[in-house]
Amino acid sequence: MNERELNRMIDEREGVLSLAFPSLMRKVYLWMTLALAVTGFTAYAVTNSFAFWNFIAEHSWLMFAFIIAELGLVFTISGRINKLSLNTATLLFGLYSVLNGLTLAPILMIYTHTSIAQVFFITAGTFAAMAFIGYTTKANLSGLGRILFMSLIGLIIATVVNIFIKSSGFDLILSYAGVLIFVGLTAYDTQKIKMMLAQADAPDENAHKIALLGSLSLYLDFVNLFIYLLRLFGNRE
């Protein structure tokens, strides 16, 4: 669907969208905010739990299990959203938020609380600005989305390579690249979500599933943007 067709569709269905569309968009950001809150609370609780870290030290494979479980949950929610009930998909999203808090905790322990707070607000401001651009722009961002997706694959491959070569200069370049990629993805995903929800006749279960999937995409954009900004601007303990 191109930009002109989208604008025409929204104009023709304005009466329906005036009720369904704003409600669904609010759900997107509500779910995303709740997921971020769960992740933040989990990471904070785990960071201050000596019992948890002693248990992890005795069972070091658990962190790898958490990461694999996270990937499995993302693929399950994204690939089977139509077969899952809304309640099940929401529960899996909540579980993913908890697991992400567990895997983020070791990263957050490296940085000072002040710098974490500062980078969080920088991330929130950047995210809000790019989401606003993605929501209001008349330009079609689908082409940009394809470029960003290919860039993301390259970033993942380069990150794996850098695990072995351990280049601090290359790591810095990857951090800047990560920021640029997820800044762009925030705008692209926002527009994509808007286009998908604009086609919903009513806020039924299918529409809510689309909103949930959209909130997962934006949640991932926010978290990854935060991590890359933290690597650039965070002050270590």
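Note that the structure is a prediction, hence the values are computed from the model and not measured. Position 1 is the first residue of the sequence; numbering continues from there. Worth knowing before you read on, the calculation uses all heavy atoms, side chains too, and leaves out hydrogens, waters and symmetry mates.
Neither side chain, Thr42 nor Thr39, offers a donor N or O lying under 3.5 Å from an acceptor on the other. Looking only at atom types and distance, the side chain of Asn87 has no donor-acceptor partner in the side chain of Ser85 under 3.5 Å away. For the residue pair Thr137 and Gln191, no side-chain donor N or O sits within less than 3.5 Å of a side-chain acceptor on the partner.
The aromatic rings of Phe66 and Phe52 lie parallel to each other, their planes meeting at an angle below 30°, with 60° marking the opposite boundary.
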Take Tyr111 and Asn235, measure what side-chain contact (heavy atoms from CB on, under 4.5 Å) needs, and give me the verdict at the end.
CA-CA 5 Å; Tyr111 300 94; Asn235 296 319; 5.9 Å; no
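Side-chain rings of Phe120 and Phe127 stay apart, their centers remaining 6.0 Å or farther from each other.
In this structure, Phe182 and Leu152 have side chains that are in contact, with non-hydrogen atoms separated by less than 4.5 Å. Proximity of Met130 to Ile133: side-chain heavy atoms (C-beta onward) are separated by under 4.5 Å at one or more points. Using a 4.5 Å cut-off on side-chain heavy atoms (C-beta onward), Tyr44 and Leu108 make no contact. Between Tyr219 and Asn100, the closest side-chain pair of non-hydrogen atoms falls below 4.5 Å.
Partners of Thr112 according to the side-chain hydrogen bond (donor to acceptor under 3.5 Å, both in side chains) rule, which considers only residues two or more places apart in sequence or in another chain, are Ser115.
Without hydrogens or angle criteria, Lys192 side chain to Ala187 main chain gives no donor-acceptor distance under 3.5 Å.
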Side-chain donor-acceptor distances from residues 223-230 under 3.5 Å, at least two apart:
from	atom 1	to	atom 2	distance (Å)
Asn224	ND2	Leu220	O	2.7

